[in-house]
Amino acid sequence: MSNTHQHDSDTRVERLLSTVTTHLPGGGELRPGQVQMAQAVWRTVQAEDVSGLAPDHDDGDDTVDPDEAGPDDGSPDEANPDDGDDREADRQSSVLLVEAGTGTGKSLAYLIPPLSAGLKTVVATATIALQGQLVDKDVPMVNKGLGQNLTAAVLKGRGNYLCQQQLNELAETKRSDQLSLLGGRNPDRLRPILQWASETETGDREELEDAPPFDVWRAVSVSGDECPGANRCPSGGECYSEAARQRALAADVIVTNHHYYGLHLSSGGALLPEHDVVIFDEAHQLPDTLSATCGAEISGGRLRAAGRRVRSLLTDESASDSLDRSAGELDTALRPEVGNRIDVDTELRRISNSTRQRCMSVIDNLRELDAKEGTNVAARIERLQLTLTRLVNDIDDLLSTSDGSSSKRVSTESVLWVDGKPDSPVLRKTPLTYDSVLADTLWPEHSVILTSATLPDAFGTQLGLPAETGTPMKVESPFDYENNAMLYCPVDLPNPRSPDYRRASQDEMIGLINAAGGRTLGLFTSFSAMDGAAERLRDALDFPVLVQGEASKASLVETFKQDPSAVLLATMSFWQGIDLPGETLTLVTIDRIPFPRPDDPVTQARRDLAGAAAFRVVDLPRAQMLLAQAAGRLVRTTSDQGVVAVLDPRLATNKSYRWDLIGAMPPFTRTKDRAQVTEFLQSLQHSNRR
C-alpha cells in the first residue's frame, strides 16, 4: 500500500466525517479520535468491489461531490490497471478492535465508511437505548450529510414480538386452559396486551409501558425454536416477526443485539440476511453473550412448560405427567449442586435419558393426532413438536463432549454447571472458548469491527484472535478528564477481606456524600454490601437514598435525574449502560475492585484452562473492564465534573496489578488525599447551587 494512496483515503474519510458532523447541533466539531477511528474502519472494510468512498450524487454544499474526489475515489482507473490490487492491499485486516473513549463519537466513525461504500452492514449492540439512537438519529444524520437515502431496521429474536397465531389460539381457549398455560397466573393479566395488540403496528414488546411477567408474555409469543416459519403457520401473513425480518432484508443497516447475533453465529449463520460488515458496539459484553448463546441448558421449568402445552392437546394425561415427573427428578438431582460445576454421574445420565425417551414418546403421540393442515390445532401441534425436539437436542448436547467422555471437569471446550436458585435449578453447558464458532461463521465471512469505551487487555485472546489482530487500537476521548475529574483511593481503609472494612468504607462514603451534597452513584460488588450501606446511609444522611430493587431500573434512574441531591445505590447491573450526565452526578463510589468471585463455576473452569496465567488472562481483564465501565459513569459530557472514589486500598498499594487497573480507566487526576477530594466536591456543590 503506497503512502500516497493511504493519505488520499484518510483525507477523504476525514472530509466525509466533517460533512456529516456539520449537521450536529451547533455545527458539530471534528474530534481527532473520531477521525482516527473512521480512517481505521475504512481500511478494515475496504473491499475489491467497493465502488468508492463518495456517493454518486451532487446535492449541494452540504454533501460530498464525487467529481471533486479525483481519480483516487476508489473506482477502477483505466490509466491504472493495478488500482484494484492497491485497494486490496489497503485492506490491512478484516478485523479491527477499537477502544474509543467516551465522547469520541464512535457511532458516526463506524457507520460512515461502510455506508458511504454501499456495504450491507449489521450493528449489534448491548443496550436498547443505543439501538434507538442508531436508527432514529445516527443513520438519518449520515443520510443528511451524504445526501443518501439509506434505510435502517431493528431486528430482534422472535420471542420479542407478539405472535398473532398465539393470539388467535387464545381466543379459542377455555379460561381454565388459559390459567394452565399462564403457569397459574390470572388470565386477566392478558388484557393490557390484548388491548395493545389491537393497536400496535410492530408487535414489539418494547412498546408496552409495563413489561408483562415472563409467563404472561410467553402465552402470546413464540421462540425461534418452536416457530414453524411463516410459510407453515396459519397466521404467517400477519406475523410481526416475519415483517421485521423482511424490513431487515431490505435495509442497508440492520440494528440488532449481541444476543441475537450470538444465536445467528451458533445457528451457523441462519438468522440474519447476508451482510458485508458487522460492527459490535459495547463489544466488551460480547464474550458473556457468546457464553450464553453458544451453550445449552435444560431445567424442570422448561419441562413443566412443555407439559402444560401437552396437557392442552392430549386427553391422555399420562404424557404430560411423565414430563412433570422428569421435571421433579431433575430438580431433585440439581438442587444440591446450585452454583457448582458437576460431572455427568450415573443418576443424572439416567434422568436425562429417561427424559429424552419421554419427550420422544410425546412427539410420537402428537404425530397420531388428526388435525387438519392449516388449522390452529395443527399449528399448536407443530410448535409443540419443535419444542420437544429442541429439548431432546439440548439433552444430547449437554451430555456430550468432544472427547467422548462424560466429565465436564476434564473438557477444555466447555463446563457443565448448575445455575439458578434451589427452587428453580438450571443445568447449563457453557463454552470456555469461542474459536470454532467464530472461525467458521464470523471472521472469514465479514469485515468485523469490535468497539467499546473499554476493551480489556486480553479481549482479543478471549475471542481467539491472533496476537497481531487482538491488540485494540486506542483513540482518546475529547473530554478533559485531568482537569474535570479526580480518581480517589483512600489508603488508610482496611483490606476488603477484613471484618472492619465494611463499616470503615461506609464511614468514608458518608463523608464524601456530604461533601458532594448528595449527587452520588454508589456501586457495589454484592447485594449484601449494598443493603448494609443502604441501612447505614439512610440513618446518617439527610439526602434521599434510592436502592436497586425498590423500583424498576428505569424508574430509579429517572428519579435520580430529577433530584440533584439523591443518592443511588446499586450492584453490577448499574456498572454499565446507564447515562447520568450533568450536575445530578458528581460522585461515583465503588466499594471494591470487581475481581470475579472465586467460586463462580465458569470462571473456575477458565482459570483451570489458563493454568499459571489465570490471573492475567481471566481475573484481571474482567476487573479492568468493569472498573473502567463503572468509572465511565461520571463524565458523560464535556462539562461534567466530579470524583470517582474506589474504596479499595489495593488500587493504591498493590504493585503487581494496580497500574493495569488504573491504566484501563479514564486519565483522571489521581489522589490519595481526602482533604483535596472533599474540597473539590464542596466547590462543585457550591458551584451547582449558584
Side-chain angles (χ1 to χ4, degrees), residues 122-136 152-170 181-183 189-190 192-230 233 235-251 253-267 270-273 278 280-282 285-286 288-290 292-294 297 301-302 305 383 386-387 390 552-554 573 577:
V122 172
V123 183
T125 79
T127 60
I128 294 169
L130 182 52
Q131 293 171 25
Q133 175 190 314
L134 287 163
V135 172
D136 300 330
V154 175
L155 183 60
K156 306 174 184 178
R158 287 191 183 273
N160 290 278
Y161 300 97
L162 189 68
C163 175
Q164 189 62 49
Q165 179 59 28
Q166 287 275 59
L167 285 178
N168 295 342
E169 293 170 12
L170 275 173
L181 289 171
L182 289 169
R189 298 293 297 269
L190 288 168
I193 297 177
L194 298 178
Q195 175 61 38
W196 165 71
S198 66
E199 304 165 352
T200 182
E201 294 184 2
T202 67
D204 189 337
R205 178 176 54 182
E206 289 300 324
E207 291 182 0
L208 286 167
E209 253 182 62
D210 297 315
F214 174 78
D215 289 338
V216 175
W217 179 254
R218 186 70 183 78
V220 294
S221 65
V222 296
S223 68
D225 294 332
E226 61 184 319
C227 178
C233 176
S235 303
E238 307 169 84
C239 179
Y240 292 111
S241 176
E242 190 62 26
R245 179 170 174 77
Q246 291 305 313
R247 289 192 294 271
L249 281 168
V253 185
I254 301 172
V255 179
T256 188
N257 53 56
H258 288 181
H259 189 268
Y260 192 72
Y261 205 95
L263 293 173
H264 171 72
L265 292 172
S266 63
S267 70
L271 298 185
L272 286 161
V278 57
F280 294 101
D281 203 339
E282 303 167 309
Q285 298 191 45
L286 185 59
D288 288 342
T289 304
L290 291 174
T293 55
C294 296
E297 68 175 57
R302 278 183 73 185
R383 287 204 310 276
L386 288 169
T387 297
R390 179 56 190 264
S552 70
K553 184 175 183 178
S573 62

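Note that the coordinates shown come from a computational prediction; the quantities given were computed from them, not determined experimentally.
Residues Leu208 and Trp217 are in side-chain contact: their nearest non-hydrogen atoms beyond the backbone lie under 4.5 Å apart. You'll find the side chain of Leu265 stays beyond 4.5 Å of the side chain of Thr293, heavy atoms only. For the pair Arg205 and Tyr161, the minimum side-chain heavy-atom distance is 4.5 Å or more. Considering only heavy atoms from C-beta on, Val220 comes within 4.5 Å of Leu190 through its side chain. Under the 4.5 Å side-chain criterion, counting only non-hydrogen atoms from C-beta, Thr387 is not in contact with Arg390. Between Leu386 and Cys227 the shortest side-chain heavy-atom distance does not fall below 4.5 Å. Inter-residue side-chain proximity for Arg158 and Cys163 is flagged as unmet; no heavy-atom pair is nearer than 4.5 Å.
With sequence neighbours excluded, the residues satisfying side chain to side chain contact (heavy atoms under 4.5 Å, CB included) with Glu206 are Ile128, Lys156, Asp204. Evaluation of the side chain to side chain contact (heavy atoms under 4.5 Å, CB included) rule for Ala305 yields Arg308 as partners, not counting sequence neighbours. Under the side chain to side chain contact (heavy atoms under 4.5 Å, CB included) criterion, Ala197 pairs with Leu162, Leu167, not counting sequence neighbours.
Between the side chains of Ser235 and Asn168, at least one donor-acceptor pair of N or O atoms lies under 3.5 Å. Checked by atom type, the side-chain pair Arg383/Gln166 shows a donor-acceptor distance below 3.5 Å.
With rounding to the nearest 0.5 Å, the separation of CD1 in Ile254 from CG in Leu134 is 13.0 Å. In this structure, Leu290 CG and His259 NE2 are separated by 10.5 Å, a value rounded to the nearest 0.5 Å. To the nearest 0.5 angstrom, Leu286 atom CG is 11.5 Å from Asp281 atom CG.
Remark: Glu226 engages Arg218 in a salt bridge, criterion side-chain N to carboxylate O under 4.0 Å. Ion pair Arg247/Glu242 not flagged as a salt bridge, since none of the NZ, NE, NH1 or NH2 atoms sits closer than 4.0 Å to an Asp/Glu carboxylate oxygen.
When all heavy atoms of Glu297 and Arg302 are compared, the closest pair comes out as O-NH1, 2.6 Å. Closest of all the heavy-atom pairs between Leu155 and Ala248 is CD2-CB, 3.9 Å. In plain terms, the two heavy atoms of Gln131 and Thr125 that are nearest each other are CG-OG1, 3.1 Å. For the residue pair Tyr260 and Asn257, the shortest heavy atom distance occurs at N-OD1, 2.6 Å. Between Lys553 and Ser573, the closest heavy-atom pair is NZ-O, 2.7 Å. The minimum heavy-atom distance between Gln165 and Cys233, with the atom names listed, is CB-SG, 3.7 Å.
Proximity of a side-chain donor or acceptor of Asp288 to a complementary backbone N or O of Gln285 within less than 3.5 Å is not detected.
Aromatic pair Tyr261/His264: ring centres closer than 6.0 Å.
The residue from Val253, Val123, Val154, Leu130 that alone fulfils the side chain to side chain contact (heavy atoms under 4.5 Å, CB included) condition with Val135 is Val154.
A 6.0 Å sphere centred on CD of Glu199 holds more than 12 heavy atoms belonging to other residues, nucleotides or ligands.
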